[in-house]
Amino acid sequence: MAVTQRVSNSGTLTLDYDADVSGIDRINHTMTWTSAVTLGSNERSINTGIVTITYLRSDTIQIGTCTYDIWILHENMVLNGRDPIMAEKTYAPDLGLVLSSISLNPDRSPRSGVFFDEIAAE
């Protein structure tokens, strides 16, 4: 659930969490998970902050002919000197996959999103 790396043509961004990310696996019981975070770029630290993931509710989602139990989560990352980065994510704990991620504006209205419409094993 916790993103740790993004690789693009311009380089690699990393997120290093101080707290054990396995705590997110119990978020439906604890309701929140918070950690200090370090943002890195090409193996050097460029910023620090706090990330908080909040459990909103459980539901189910159908993708193709399969139905999955999901958690709806709100993620808020605040890096020093920057505006908060907020997203609402749909996470399937049995699969260990984020099935959708919606970037949110400061008023929590949707800005953009990504949704899986197919899951296949290779």
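Note that the coordinates shown come from a computational prediction; the quantities given were computed from them, not determined experimentally.
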| How far does OG of S58 sit from CG of D69, to the nearest 0.5 angstrom? | 7.5 Å
| task | Among T90, T60, L95, D94, find the residue that satisfies the side chain to side chain contact (heavy atoms under 4.5 Å, CB included) test when tested with Y68. | result | L95
| query | Under 4.5 Å between any side-chain heavy atoms of L73 and L56, yes or no? | reply | no
| Under 3.5 Å, side chain of S35 to main-chain N/O of V37, donor-acceptor pair present? | no
| task | Could you tell me whether the side chain of Y17 and the main chain of V3 form a donor-acceptor pair under 3.5 Å? | result | yes
| said: Just verifying a value: how many Å separate T52 OG1 and M86 CE, rounded to the nearest 0.5 Å? | reply: 12.0 Å
| Atom pair OG/CD1 of S100 and I70 - distance to nearest 0.5 Å | 7.0 Å
| Are the side chain of S101 and the backbone N or O of V114 linked by a donor-acceptor pair below 3.5 Å? | no
| query | More than 12 non-hydrogen atoms from neighbouring residues, nucleotides or ligands closer than 6.0 Å to CG on N42, yes or no? | reply | yes
| query | Just wondering, are more than 12 heavy atoms of other shown residues or ligands nearer than 6.0 Å to CG in N9? | reply | no
| said: What verdict does the side-chain contact (heavy atoms from CB on, under 4.5 Å) test give for E75 and E88, after you've listed the backbone C-alpha separation in whole Å, the side-chain angles of each residue and the deciding distance to 0.1 Å? | reply: CA-CA 6 Å; E75 183 176 58; E88 184 175 291; over 6 Å; no
| query | Which distance, rounded to the nearest 0.5 Å, do you find between the CD1 of I53 and the CE of M31? | reply | 13.5 Å
| query | Would you find a donor on one side and an acceptor on the other, under 3.5 Å apart, between the side chain of N105 and the backbone of D107? | reply | no
| message | Could you go through T34 and I50, starting from their C-alpha distance and side-chain angles, then the distance that decides it, and tell me whether this counts as side-chain contact (heavy atoms from CB on, under 4.5 Å)? | response | CA-CA 7 Å; T34 301; I50 299 289; 3.7 Å; yes
| message | If you define the side chain from C-beta out and look only at heavy atoms, does anything of L39 sit under 4.5 Å from M77? | response | no
| task | For residues I27 and Y55, report the shortest heavy-atom separation together with the two atoms involved. | result | O-CB, 3.5 Å
| remark: Here the gap from S109 atom OG to L104 atom CG, rounded to the nearest 0.5 Å, amounts to 7.5 Å
| message | So which atom in A92 and which in L99 form the shortest heavy-atom distance, rounded to 0.1 Å? | response | CB-CD1, 3.8 Å
| request: For the residue pair Y91 and W71, categorise the inter-ring angle as parallel (less than 30°), tilted (30 to 60°) or perpendicular (more than 60°). | output: tilted
| query | Under a 4.5 Å side-chain heavy-atom rule over Ile, Leu, Val, Met, Phe, Trp and Tyr, are L13 and V78 clustered together? | reply | no
| field | Backbone N/O of G64 and side chain of Q62: donor-acceptor pair under 3.5 Å | value | yes
| Heavy-atom distance under 4.5 Å between the side chains of L15 and T4, does that happen here? | no
| note | Rounded to the nearest 0.5 Å, the CZ atom of R57 sits from the CD1 atom of I72 at a distance of 5.0 Å
